[in-house]
Amino acid sequence: MLSLGIVGAGTGGPAAALLLARAGHAVTLLEQTADPGPVGAGILLQPSGLAVLERLGLRDAVVARGARIERLHGQTAGGRQVLDLAYADLQPRLFGLGLHRGTLFHELYGALGPAGVEVRVGARITALARERAGVRVGAADGSDHGCFDLVVVADGARSALRTHVGGRRRVSRYAWGALWAIVKDPDGAHDGVLAQHYRGAREMVGFLPLGAPNGGAPLVSIFWSVHGERLAATRAAGLDALRARVLALAPASAALLDQVESVDSLLWSAYHDVSGRDCHDDRVVLIGDAAHAMSPQLGQGVNLALVDAWVLARLAGVGSDVPGALRRFSAQRRPQTRFYSAASRLLTPMFQSDTRVLVPRTRF
Ligand SMILES: Cc1cc2nc3c(=O)[nH]c(=O)nc-3n(C[C@H](O)[C@H](O)[C@H](O)COP(=O)(O)OP(=O)(O)OC[C@H]3O[C@@H](n4cnc5c(N)ncnc54)[C@H](O)[C@@H]3O)c2cc1C
């Protein structure tokens, strides 16, 4: 049995905590937020993420509170179809799941207590000190959270701890981000499809169904692509100006836009890009966005964090050779995370940039 300290109760942290606790390890989960809650907007669970949730016994609960996504569809303002991917074309039983980030959080977080995970909130971890017996974890307020055989750092894209872990990493921030709103879609007009509408690469609006997490009408996340330097101007121009631009791209969205009360009610989300060869040293490992944050264009962030947790729990359970387990973890995860990092870096400017490059036509 290992003693594990896991930093961050987003997605990768609780998933790893559950899997490792159920494997018989002593797990302490440390989260900076004093009162963690279901925050965020829409996320897309891929079949890989759903497979991990199935192993956690949470798949059915999550699927019941999300929206099945059968297709990813993109078209230009002129009506030209540039993206049409149907999960069933790959395998008849496959589908994605649109979900409020809070729904996934709720299910993961709720399972921690019964699995025997000790959760400490209000613990902003700032120090990882190597000792002979393991790694001592300290918080910003000076408190000592103990010494662990293995520390899993799952503190997200803005990770303050990744510099404490060996290996070189490249960290940058995308110039573009998105404004989000969650609205009701009582007629289910957006059911089944993650739809995006583009004007070149400069303008993009998307609609992600989220299901009905709390009963009632189904929800849809609207996201509007904005360059970070134009965020203030976009907000200052007001809701009518934004609404006119969205409607010019997606005229059928008027009923959804009517529910947005003000431009200030829209959530801003910015993206980071993190890459590096290794994500571990002898007793500390990075998982999720801390290791490989990327733009959301490929809809992989949450899924890669869940798969990281699954692979780590499987390897950490083999013997007490922690450095060996972490080497195998890095080697196993490298090909997939490298592929998605490179692909998202390559593709993102085709969907979000100031060029007039047209997104390529993609059909499977
Ligand atoms: C508040 C929030 C809202 C988000 N909203 C969306 C969204 O709407 N759509 C989307 O696609 N993605 C969203 N994301 C990102 C998405 O959740 C991640 O891409 C994905 O879940 C990968 O998960 P992760 O576990 O690596 O990191 P995250 O889910 O980002 O979790 C990191 C956790 O670590 C905690 N933490 C950070 N630093 C410390 C520290 N020093 N000590 C202790 N705890 C720390 C954070 O509070 C957070 O709970 C959001 C992330 C956050 C934190």
Side-chain angles (χ1 to χ4, degrees), residues 1-34 36 52 55-57 108-156 159-167 278-291 305-333:
M1 182 182 84
L2 297 172
S3 66
L4 285 118
I6 299 183
V7 183
T11 301
L18 276 176
L19 290 160
L20 287 157
R22 287 179 185 170
H25 302 292
V27 181
T28 305
L29 180 62
L30 302 149
E31 164 60 40
Q32 64 179 358
T33 311
V52 175
R55 284 165 180 157
L56 282 164
L108 288 169
Y109 204 72
L112 294 170
V117 176
E118 182 185 344
V119 181
R120 295 185 198 158
V121 296
R124 186 161 74 84
I125 305 305
T126 50
L128 302 178
R130 272 69 174 176
E131 295 182 356
R132 190 180 299 177
V135 180
R136 185 162 296 281
V137 173
D141 62 4
S143 53
D144 176 358
H145 286 278
C147 191
F148 298 95
D149 298 322
L150 167 59
V151 172
V152 180
V153 174
D155 61 347
S159 172
L161 293 176
R162 67 166 71 93
T163 54
H164 293 237
V165 184
D278 287 322
C279 54
H280 70 98
D281 55 28
D282 276 1
R283 292 198 172 267
V284 184
V285 62
L286 301 169
I287 66 169
D289 283 358
L306 288 168
V307 177
D308 283 352
W310 169 255
V311 174
L312 179 66
R314 204 161 41 83
L315 293 174
V318 183
S320 56
D321 175 16
V322 172
L326 297 187
R327 272 196 304 279
R328 289 194 294 280
F329 171 78
S330 268
Q332 280 199 21
R333 297 302 293 132

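- Judged as a side chain to side chain donor-acceptor pair (under 3.5 Å), and not counting sequence neighbours, Asp289 has no contacts.
- The minimum heavy-atom distance linking Cys147 with Ala133 is given by the pair SG-C, 4.1 Å.
- Side chains of Arg136 and Leu128 form no contact here, defined as non-hydrogen atoms less than 4.5 Å apart.
- Nearest approach of Leu20 to Ala316, heavy atoms of both residues: CD2-CB, 3.9 Å.
- A donor-acceptor pair is defined here as one N or O able to donate and one able to accept, closer than 3.5 Å; no such pair exists between the side chain of Arg283 and the backbone of Val135.
- Listed for the Glu31 side chain is a donor-acceptor partner under 3.5 Å among the backbone atoms of Ala9.
- Here the closest non-hydrogen pair linking Gly13 and Ala154 is N-CB, 3.6 Å.
- Considering all non-hydrogen atoms of both residues, Pro36 and Thr33 come closest at CD-O, 3.7 Å.
- You'll find the side chain of Arg22 reaches within 4.5 Å of the side chain of Leu56, heavy atoms only.
- Judged as a side chain to side chain donor-acceptor pair (under 3.5 Å), and not counting sequence neighbours, the contacts of Arg333 are Asp308, Gln336.
- Annotation for Leu312 and Ile287: closest pair CD2-CG2, 4.3 Å, computed over non-hydrogen atoms.
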Listing, residues 111-118 side-chain donor-acceptor contacts under 3.5 Å, not counting sequence neighbours, or none:
{"unit_1": "Glu118", "atom_1": "OE2", "unit_2": "Arg120", "atom_2": "NE", "d": "2.8"}
{"unit_1": "Glu118", "atom_1": "OE2", "unit_2": "Arg120", "atom_2": "NH2", "d": "3.2"}

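- Checking side-chain atoms of Asp155 against main-chain N and O of Gly8 turns up no donor-acceptor pair under 3.5 Å.
- Between Val151 and Val137 the shortest side-chain heavy-atom distance falls below 4.5 Å.
- Across Val165, Leu286, Val284, Val153, a single residue satisfies side chain to side chain contact (heavy atoms under 4.5 Å, CB included) together with Cys279, and that is Leu286.
- With sequence neighbours excluded, no residue forms a side chain to side chain donor-acceptor pair (under 3.5 Å) with Thr126.
- Atoms OG and CG, on Ser330 and Leu315 in that order, are 10.5 Å from each other to the nearest 0.5 Å.
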- Message: Evaluate Leu30 against Ile6 for side-chain contact (heavy atoms from CB on, under 4.5 Å), listing each step before the verdict.
- Response: CA-CA 6 Å; Leu30 302 149; Ile6 299 183; over 6 Å; no
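- Under the 3.5 Å distance criterion, the side-chain polar atoms of Ser3 are left unmatched by any main-chain donor or acceptor of Ala26.
- For the pair Val322 and Asp282, the tightest heavy-atom approach, listed with the atom from each and the gap, is CG1-O, 3.6 Å.
- To the nearest 0.5 Å, the span separating CG on Asp149 from CE on Met1 amounts to 8.5 Å.
- The distance from atom CZ of Arg328 to atom NE2 of His280, rounded to the nearest 0.5 Å, is 11.0 Å.
- Listed by first and then second residue, the ring-ring contact (aromatic ring centres under 6.0 Å, His included) pairs involving residues 116-151 amount to none (not counting sequence neighbours).
- Evaluation of the ring pair (Phe, Tyr, Trp, His ring centres under 6.0 Å) rule for Tyr109 yields Phe105 as partners, not counting sequence neighbours.
- To the nearest 0.5 Å, the span separating CG on Leu2 from CG on Leu150 amounts to 6.5 Å.
- The residue from Val27, Leu29, Leu108 that alone fulfils the side chain to side chain contact (heavy atoms under 4.5 Å, CB included) condition with Leu18 is Leu108.
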- Message: Between Leu161 and His164, does the side-chain contact (heavy atoms from CB on, under 4.5 Å) criterion hold? Intermediate values first, please.
- Response: CA-CA 5 Å; Leu161 293 176; His164 293 237; 4.1 Å; yes
